[in-house]
Colleague: 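Quick one: structure below, then a few questions.
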Amino acid sequence: MEIRTLGMVGGGVMGRSIAEKVASSGIAVVLAEVSEPRARAAREELVASLDHELEKWGITLSEKKVILNRVRFVAGLEELAQADLVIETVNEDLEVKQDVMRRLGALCPPDRIFITNTGTLSITEIAAASGRPDRVIGMHFLHPVPRSPIVEIVRGVETSEQTYATALELARVLEKTPIGVSEYPGYVVTRAIVPFLNEAMYIVMEGVASAEDVDLALRLGFEFKLGPLEFADRVGLDTVMSWMEHLFRELGDVKYRPCPLLRKMVRAGHLGRKSGRGFFLYRGYERIRPVEGAR
Amino acid sequence: MKVLVLNCGSSSVKYQLIETTLEAIAANADRALAQGIVERIGSESASHTYRPEGRPRISAVSEILEHGAAIAEILRTLTDPASGVVEHSGAIEAVGHRVVHGGEAFARSVFMTPEVVRQIEECIELAPLHNPHNLRGFLAAKEILPGVPHVAVFDTAFHQTMPPHAFLYGLPYVLYKRHGIRRYGFHGTSHRFVAWRSEALLGRPRAETRLITCHLGNGASVCAVDRGRSVDTSMGFTPLEGLLMGTRCGDLDPALIFYVMHKEDLSEHQATTLLNKHSGLFGISGVSNDMAELLAEEAKGHERARLAVDLFCYRLRKYVAAYAGAMGGADAVILTGGIGENAAAVRERALTGLEFMGVRLDPGRNRDTVGREGEISAPGSPVNVLVIPTNEELLIARDTLRLVAAGAAAAT
């Protein structure tokens, strides 16, 4: 199947990141937000992240223009009826995702395939709302999508072989190595990373070491590119907390229970890089590093 | 014989239909009947620009989604009753394909056989940006023109005569054996074409001359051609090595890459893009990767434009002198490519200072030789300096004809 126009629902961090990769692969994107102002804001955020990548020499000015030219931000879902394929990237909340599926199901031709980007939720439950459960599949992309080489592909109980083949084809076009996973809370990557992030937060909360030192130790000790706390900041602490809550609820194991420090920070609006403050401080996309020798 | 020459990129197909015979090659009288380019393949607004010989250019925009459709569109245009140059596609007797990387498997042009296709596929790892598209173009063309011979002409083939002391890096030898880590060189078709053409202009057989050929375009490389054979060239494992280019950095200390990645917190992808797309003339000047624009900016007093041109000229001069050293002297320096053919100021700045090895330019001839063939050295200069516009498509057509003619001769 030829994918020429891809519809997207949701212009948040993941939505924009997926849109950037899809557009740079030569596919036109129509990205739907709930309102004109939200659509405009999402576009501005995409411009800012492309400017950051340009500053880091990751893309050229003409590549930036090509990407922006290929992504159209619209208010409302109506225009997605013409897309060859639709990906939703709305909040990690079953009811919200089911509502999107219900509306897409009513709007799009019956043969159209829907992809849900979730790291934890049940594809079967999400798919049920669409009225075409055989044509819904999960693709869990990792942030930042243009650089992350993998995607988890999750089949719901009724997902057809043809739908699975389409997801594999999209993964190929986007140059992602597909990891096939069974429907089970958290799949592979979210489930494995959550206890690690949680533990790092407990270490800080219990006063064993500063956030700075916890990240430094784990980065240098295990050759991670980012420490767990900076990673959580980049994902968004509210998102990380929603992963934990979901896994805790589904699996009941205390290792997934969100660290109280995380809850406190989310309540205070310290959501990580996107709010300028999480475990560390940020100015735009750049982390503000402590002055050398100040420690 | 009418040969269709195809050069397929990721979203483009450049082509020429060339009429050539063994006699025409000897007389340098082969003709391009038409040429053109299809761009933005994969979109609803793909553009096709076509120019039949001696007639005005025609442009059209349409939906062209893949290479096969582009080649079909090219054939439709070439055979169109109004604008075409042949009556039907049966008039096309062979197809020549540009292939960027032939690795160590190909030292000359060959017929596209299943085995050759397999070997080109093996080279994809070495040229991931080019070989897949070259192959896609071949497979599409083979489907549309199944009854004619298809020939692959490689950018790397000419440099396969380099000796190990020129093509190896000072790395553990096992890396060469395990992964083919060595210098391959590129632009081979262009270096080979101008070296061939110089024979007629110099009036001396290639077997007697030591040439330094400089292909100076947005990508740029120098080649030492000793008695007709490439013995060294400035591009290496990838086209990043050697001269300063439009957006590529050319030679640098590899240790600095890790240092910059650490200092600027760059990923591998960002570092690669930095070296390939943000460096060179563009990176130094901050203005443009285009030499003509830089010269214009320099004339207006732009300091970093001047610096970029200086770096370009200085590095070119070093390579020319180095290759004279490599061959124990040089009989001619040949300039080609957009900059080599047109930028007289760059030629003068790069080659001034090489009088010690016998290069003496004639300022008047240099100024007057723009976009055409000609000698720009002073009368009596021990080393001839020539400008020769390159024509890679023509060489691809000629290689195709020669293989087909030899095959026909062998069959009778």
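Basis for what follows: all heavy atoms, side chains included, without hydrogens, waters or symmetry-related copies. Convention: sequence-line order gives letters A, B, ...; per-chain numbering from 1.
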Colleague: Would you say A:N69's side chain and A:K65's backbone share a donor-acceptor pair under 3.5 angstrom?
Modeller: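 Such a contact is absent between A:N69 side chain and A:K65 backbone.
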
Colleague: Please work out which of the three classes, parallel, tilted or perpendicular, describes the rings of A:W57 and B:H278, given edges at 30° and 60°.
Modeller: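 Rings of B:H278 and A:W57: perpendicular, over 60°.
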
Colleague: Can you list the residues of residues 273-286 of chain A that sit under 4.5 Å from chain B, counting heavy atoms only?
Modeller: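 The residues closer than 4.5 Å to chain B amount to none at all.
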
Colleague: For A:L61, is it the side chain, the backbone, both, or neither that has a heavy atom closer than 4.5 Å to a heavy atom of chain B?
Modeller: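 Neither part.
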
Colleague: Sort out for me which residue in B:H67, B:H48, B:H97 forms a ring pair (Phe, Tyr, Trp, His ring centres under 6.0 Å) with B:Y15.
Modeller: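 The ring pair (Phe, Tyr, Trp, His ring centres under 6.0 Å) with B:Y15 is passed solely by B:H48 among B:H67, B:H48, B:H97.
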
Colleague: Of all of B:D265, B:T272, B:T247, which one pairs up most often with chain A through heavy atoms under 4.5 Å apart?
Modeller: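 The residue among B:D265, B:T272, B:T247 with the greatest pair count is B:D265.
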
Colleague: Are the side chain of A:K176 and the backbone N or O of A:V145 linked by a donor-acceptor pair below 3.5 Å?
Modeller: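 Looks like yes, one N/O pair under 3.5 Å.
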
Colleague: Assign the ring pair B:F237 / B:Y184 to parallel, tilted or perpendicular, where the plane angle (0 to 90°) is split at 30° and 60°.
Modeller: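 B:F237 vs B:Y184 ring planes: tilted.
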
Colleague: How about A:L50 and A:L54: do any of their side-chain heavy atoms sit closer than 4.5 Å?
Modeller: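 Counting from C-beta outward, A:L50 and A:L54 never come under 4.5 Å.
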
Colleague: If you tally heavy-atom pairs under 4.5 Å against chain A, which of B:E268, B:E66, B:E63 wins?
Modeller: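 If we count pairs closer than 4.5 Å to chain A, B:E63 comes out on top.
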
Colleague: How about B:N134 and B:I120: do any of their side-chain heavy atoms sit closer than 4.5 Å?
Modeller: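 When only atoms from C-beta onward are counted, B:I120 and B:N134 do not touch, as no gap falls below 4.5 Å.
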
Colleague: Looking at A:E53, A:R147, A:K56, which makes the most heavy-atom pairs under 4.5 Å with chain B?
Modeller: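 Max contact count across the listed options: A:K56.
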
Colleague: Who passes side-chain contact (heavy atoms from CB on, under 4.5 Å) against B:P239, sequence neighbours left out?
Modeller: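 Only B:F186, B:M235, B:R248 meet the side-chain contact (heavy atoms from CB on, under 4.5 Å) criterion with B:P239.
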
